[in-house]
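Each chain gets a letter, A, B and so on, in the order its sequence line appears, and its residues count up from 1. Note that the structure is predicted; figures quoted are calculated from it, not measured. FYI, side chains are in, hydrogens and waters are out, and symmetry mates aren't considered; it's all heavy atoms of this structure.
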Amino acid sequence: MTLQQTQTDAACLVRPYGDTLDDGVVQFSFTLPLPHDELACEAARAVGEAMGLHEVSVSCSRDLGQGFSFFVLYGKMTTSVDVSRLTVNKAEFETMKKEAVDRFIQEHFGRKLVFVGACIETDAHTVGIDAIMNMKGYNGHKGLESYHEIQAVNLGAQVGSDEFVAKALELNADALLVSQIVTQKNVHLANLTRLVDMLEAEGVRDKLVLVVGGPRISHELAKELGYDAGFGPNTYAEDVASFVVQEMKRRERS
Amino acid sequence: MTLQQTQTDAACLVRPYGDTLDDGVVQFSFTLPLPHDELACEAARAVGEAMGLHEVSVSCSRDLGQGFSFFVLYGKMTTSVDVSRLTVNKAEFETMKKEAVDRFIQEHFGRKLVFVGACIETDAHTVGIDAIMNMKGYNGHKGLESYHEIQAVNLGAQVGSDEFVAKALELNADALLVSQIVTQKNVHLANLTRLVDMLEAEGVRDKLVLVVGGPRISHELAKELGYDAGFGPNTYAEDVASFVVQEMKRRERS
Amino acid sequence: MTQLIIDQALVDKARGSAQNIARQVKQAVDGMTTVTIERASLRLLGIDGVDAQGAPMVNIVVEHLLAQDLLGQGAVTPVVAAMERRGMTAQEVASAVACGALVLTKPDGNREAIKNKALQLAGEACRKISANRRQREEMIQRLGKGSAPQLYLIVATGNIYEDIKQATAAAHQGADIIAVIRTTGQSLLDYVPYGATTEGFGGTYATQENFRLMRRALDAAGEAVGRYIYLTNYCSGLCMPEIAVMGALERLDMMLNDSMYGIIFRDINMRRTFLDQFFSRRVNAYAGIIINTGEDNYLTTADAYEQAHTVLASQLINEQFALMSGLKAERIGLGHAFEINPDSEDGFLWEIAHAQLIRQVFPQAPLKYMPPTKYMTGNIFKGQVQNTLFNAASVMTGQTIHLLGMMTEAIHTPLLQDRYLALENARYVFHTMRHLADEIEFKPTGRIQARANEVLAQTVQMLAEIEQIGLMEAIRRKMFAEISRQPDGGKGVAGVINKNDDYYNPFPDLMQGGASDDTATNSN
Amino acid sequence: MTQLIIDQALVDKARGSAQNIARQVKQAVDGMTTVTIERASLRLLGIDGVDAQGAPMVNIVVEHLLAQDLLGQGAVTPVVAAMERRGMTAQEVASAVACGALVLTKPDGNREAIKNKALQLAGEACRKISANRRQREEMIQRLGKGSAPQLYLIVATGNIYEDIKQATAAAHQGADIIAVIRTTGQSLLDYVPYGATTEGFGGTYATQENFRLMRRALDAAGEAVGRYIYLTNYCSGLCMPEIAVMGALERLDMMLNDSMYGIIFRDINMRRTFLDQFFSRRVNAYAGIIINTGEDNYLTTADAYEQAHTVLASQLINEQFALMSGLKAERIGLGHAFEINPDSEDGFLWEIAHAQLIRQVFPQAPLKYMPPTKYMTGNIFKGQVQNTLFNAASVMTGQTIHLLGMMTEAIHTPLLQDRYLALENARYVFHTMRHLADEIEFKPTGRIQARANEVLAQTVQMLAEIEQIGLMEAIRRKMFAEISRQPDGGKGVAGVINKNDDYYNPFPDLMQGGASDDTATNSN
Ligand code: B12
Ligand code: B12
Ligand SMILES: Cc1ncc(COP(=O)(O)O)c(C=O)c1O
Ligand SMILES: Cc1ncc(COP(=O)(O)O)c(C=O)c1O
């Protein structure tokens, strides 16, 4: 799969907008490990300047105790970002409606596809994977269980990678849907890597479409970790279903 | 007057603190003049990167309409600020209590000093200058009118520089206290410069102690504009009185 | 609506005092006019534009009349006489005066004929204003408008074109009312600047062209969002009557317009202010404009708890002045503010007591509730919290015109994002608390009830005292906002002119009682 | 306190059903014990520490007993028998078992003598716990504590030393209660990690050493700020009884401790959970610990409006389980949450109705009120607003334990500044609204009253149904949090052991009814 590129020809420079084009106004806040005094305020301003901002002003400073101080600042960015040189990294597919997905499966595969999902390792946040898989769905978008041509098996929370892989083999899964919500200390990276390694060890990685989702998951990250796609906030069942079926078709062709 | 320098010998590197020393976490927010889509989010992230932040993540993006989008981001600063190289710019004086100021005047000048204050030009925010000059004072700190050895004349709001200078000459003022609250489009810079120019044209600039105050006034700025001192938020009458009398004494000596 | 138990006899007593106070003032200034009333009248006759030096034509003509010692009879008749005599339009008369080609004189011909002509011309002006009023009503009928508390937002970039961008975005985000803040210092100009402007400080010049540009933009935004967007400006300062006329001609919907604000906060001469407010309110009444009074400002210099009664007393006086000018109760947007000290225990209770008391003393008024400003700090996160409680107080006490609080109040005039976040805050609070006011009652033996009684009693007493000493003396004695002004001092005093016996101005009478087809109760 | 009119007969009916439900469960599991109850008992006897591989001694001993098929009589007697036989301390027995030097056997000697010895040793353990309880009471007497709603803050860095820094700063900023969040995954470990730890994810390991370090730091902070700072942890998961013991020994003050949370949210076996909660609550009761139940969690998966009655029903069940274990009403901190959809019109009214209903159904309970989490977004500015309304709801309905909402809830575990801003928010709201609850009444014919009646009626019905089908079947039918669990499924099922006839454990009886010198009503 290639990345979708959003590129225009001419440079298109933008800069933050406060109340006038290109004034560059940015609000920021942070804590410094310094006792609350004038020097700390100076240091806060210096942080703003180190970020390349001009006219940095400390609009609020507070003593947090224990040698910490909190600051709210405003400053002006004088450099610009060239939007024409930016790319948006996202999985390449067309979102189809539920009915269209079912029809697509009938036409191209002529059998029910098996999707196995789980919130793996220590993560117990099932609301996201449930939103994708369970009948009820999310925000009025039905979940995968409601798709006639998909057998959706949701293993739920805190499923060990070993257990997950075993279940995938047992069910002859076409796609694995992994959810990772907790990202503290990058625990998701370890968990996700562990799963891929295990699938590769079992020699099944390429037989499956492997996707991951979560509020702090991007497609870019997913690809880096060896997944076929990553889905962030506001994903619905039809998005991931569309991706999986189109990806399967793409693979058949090649 | 020289600048007070706060310097320690060894380098003292600090960086914002989220929940772990040196994690560098900074919160920031701004608006971009871009319609709300994935490219705009990419641009927002790029703004964060242009400020030298790492692990920039867009935690919120909202459509403001009219081709504008709003973003809240978190990122990590990887460079540091060397606190040992920072200086705090402030007027050099010791704050004395009201009684001590009165005694200081009796001892050193043997006459009542005349302080004339005003909120000059288009600025009508009198609360600040009143807080300094009027009997009542501010936050329990009595104003200059309550000082026995000071004749405090508060001209109030929207006083033209010409009128102000005339009054100063008429009253034989020792110190002029200027207040500037409105800073929109840097109107205060124009106003403050105009006053200094006028005082110089009249040849009286050096005969007076000239100070300015306001919530967005710093000592550094005041000095740049040709004032003897600048006072920011949380200033009380005793601060400015102490500065004026000590400055007058300093000048007598030299 | 939540109810406090309020002694109506006390309210009536206070209102009676206020009526007497206003009448005394009216009598004291009845024999005078002001330069800006005369300029406003000339604007109504159709004089507009500026000379090469930027001086408005109406100023040139009025100064010319002053120089000829003719202003005591009013500016209208000399100009109409010249129009008749020369067969010129009012604008042509002004141009001729400006270039020195014409010297206006005391009309010598048939005074009655000139008066009739003036009356006819004035009638045309009134019809234009009526048409605007009807157009507003029709648009509201068709598009609807925001439900109370209506969301009132300011734009203040200093540049009318940036203002328009921001106002349009705000309307799309949910604003019901847009106020274009005026540049610092304009209130003390004794003329109205001209044309589209881009150079204000902390606000944009109030000019007729700026009014027109913003009106057009908001009409378009209103059509797009399916809600009539109200436009507000400042009918205040040394040119109050002229701005009333400009607003009436350009279909503004609301005006900050107070009977004492200029005296207290801008040190404008008392008589001048009382005369100007009377004339401008008559125009506003005729144009179907909702006025917003400025009592909220008192609490930026005085303490909201200590001085709560001065707000109510002033509102009762403002109400009487407004009624006298012909404004209907439904268009008198009395102002107050959530300026209670956030550090005071039970401060929210005192605020609720006050807001609810005002709500009940003025049941028909579209109350204007101002957000916290004085106690806002550079801590924008705390600011969001302060504004949330303000929003809650507003919906709990049924306020009408709700000025949105900005989390950056202590830092800068609103950024685009500040306005968005303020709207989001208010919309959420109003929606999630929509019927809270219907649900709660205040304990009859409680602190809120006791506080409301106390404020009302203090108000009755204060007004009784002012009834004795007169309003001008009361102001001299710092009874409002803790600021003292001298009856004969203040800016613009030179612009107060004694009327001659032959003074004539068709507008006040023509506009008396508002337009006959006005439907105040339906339209706001 | 504001009052809803509530039909006490309905409340009594619901409570009666809940009592029967809890009794049925108790009967169903009465003949069983669990590995962690036995390990907890050994901890009380003084066994601590880990082997070279990091396996806790108590696990080693209990597994050893399991392997010998001796656990059915309880872990206490075999160990005490060995102590007597060998003249060893409990710890020495454990070490000997661990290195294979000792094989525990069915006590052969005088069973009564061994029981007496066990009882004596258990009495010593109880005295230690009593001493902690008294120390807490004395410190509160001397230092005072935060006034309700008490400000409850979490630390969750994963590193106990960072946690301590942040907790100390929070105490200085105004926190009354500090909860150390537990690392993800610990609840499913069938052992308790050991020592000071620095490597948690989204929380810090609950270990006895971490408890001790934080207790010491908070005692110091409490002295500095002149207010006893409560320490909270999670008495939950597969090691619930052991954590209860650790908390009792290290003078924790509060514990998240629920009779069903583990089943529903961690898929822990039902019988295991019911047994463990019973034992651990008896320890908590004895130690004077306030428990916090977990009904708030239901609303993170189910809708707060639709499922409000499931929260109340579960609280009534949790209450009965707690009372049965000996917890006093004053120490049953029933949990609920401000998870009403911010987009729903009048959502705040429904939230108030629910919070006030709970307040009145459990007048003595130190209610734990959780902040919005589910509807928090990455928009931190809106988050401040949501938290402000939560704070307002809390003070308006007299909640007791107030968990502070973080504006960054949807983003990360709290930064130092997030906690400061949350505290500032709550302190301001509580102070400015301090007596609002005393001031307002809800209209008897209003929406809030109607909503409360509706929720109560639904609760009565739900509990009547559960009384018929039994709690385990109710959980199977997804009646709580819309999650279904199988009575015989779930984690830790292998750790449920049938008691033999000669089962003996001195602790439950010794701790029954709490300590004789306990002064529940004064101390919290
Ligand atoms: C509900 C909740 C819980 C519930 C979970 C109940 C359940 N059965 O899921 C309970 C109370 C049990 C809980 C516990 C904990 N939680 Co929690 N929780 C939340 C909360 C409030 C909401 C999450 C949620 O349900 N979102 C709604 C769903 C629909 O959104 P979503 O998950 O993003 O899913 C969407 C997309 O991401 C995507 N998606 C998600 N998965 C997948 C998978 C695939 C294949 C695809 C295609 C798409 C997809 O599609 C979904 C629909 O659009 C968040 C805070 C917040 N407001 O976000 C904290 C939060 C996620 N929790 C957090 C933490 C730390 C914990 C604990 C670890 C705390 C502790 N130490 O005890 C515990 C332990 C849980 C564990 N072991 O994992 C942190 C995570 C911080 C971080 N950045 O790592 C958060 C952010 C709160 C915080 N600020 O501290 N939590
Ligand atoms: C009260 C107020 C008003 C009142 C003023 C009443 C009065 N008589 O002063 C009224 C309602 C009239 C008003 C009007 C306007 N205001 Co105003 N107002 C404020 C407000 C709410 C509080 C200011 C205040 O009183 N602070 C309290 C005093 C005690 O603090 P302070 O001034 O900082 O003074 C202290 C120090 O700075 C220092 N200090 C100050 N002066 C001096 C002088 C000396 C010699 C010394 C030693 C020290 C010193 O000591 C003082 C005590 O510690 C601020 C918002 C805010 N919360 O800050 C906006 C604010 C200052 N106003 C603002 C604006 C734009 C206006 C208007 C121009 C809007 C308009 N276009 O109509 C008008 C016009 C006024 C004009 N022509 O200047 C902006 C300024 C933005 C900017 N950065 O430039 C602000 C920040 C609001 C906003 N966000 O838009 N305002
Ligand atoms: C009635 C009234 N007029 C005018 C203003 C604005 O100030 P300025 O006098 O600078 O136009 C206000 C400010 O709030 C006001 O309330
Ligand atoms: C009773 C109870 N136990 C435990 C927890 C924490 O979760 P975990 O099971 O991961 O320890 C909660 C969460 O809020 C809870 O309410």
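When only modelled atom types and interatomic distance are considered, B:His141 and B:Asp239 share no side-chain donor-acceptor pair under 3.5 Å. Side-chain N/O atoms of C:Tyr428 and C:Glu424 include no donor and acceptor closer than 3.5 Å. Donor-acceptor pairing under 3.5 Å is recorded for the side chains of C:Asp418 and C:Thr408.
Counting heavy-atom pairs closer than 4.5 Å to chain C, the top residue among B:Thr183, B:Asp130, B:Leu64, B:Thr122 is B:Leu64. Contacts with chain B were tallied for C:Ile483, C:Leu415, C:Asp267, C:Leu416; C:Leu416 has the most, counting heavy-atom pairs under 4.5 Å.
Heavy-atom distances place the backbone of C:Ala410, and not its side chain, under 4.5 Å from chain B. At a 4.5 Å heavy-atom cutoff, the contact between C:Thr157 and chain B is made by backbone atoms alone. Of the atoms belonging to C:Leu423, not a single heavy atom falls under 4.5 Å from chain B. In this structure, no portion of C:Gln166 lies under 4.5 Å from any heavy atom of chain B. The part of C:Gln173 that comes within reach of chain B is its side chain, from C-beta onward, which places non-hydrogen atoms under 4.5 angstrom from that chain. Residue C:Leu188 touches chain B through its side chain alone, counting heavy-atom pairs closer than 4.5 Å. Only the side chain of B:Gln66 comes within less than 4.5 Å of a heavy atom in chain C; its backbone stays farther off. For chain C, the nearby parts of B:Val187 are the backbone and the side chain; heavy atoms of each come within less than 4.5 Å.
Closest of all the heavy-atom pairs between B:Val182 and B:His125 is CG2-CE1, 3.4 Å.
Using cut-offs of 30° and 60° on the angle between ring planes, the pair C:Phe480 and C:Tyr298 is tilted. Ring geometry for C:Tyr228 versus C:Tyr230: interplanar angle over 60°, hence perpendicular rather than tilted (30 to 60°).
Between B:Lys76 and B:Asp23 there is no salt bridge, since none of the side-chain N atoms of the basic residue sits less than 4.0 Å from a carboxylate O of the acidic one.
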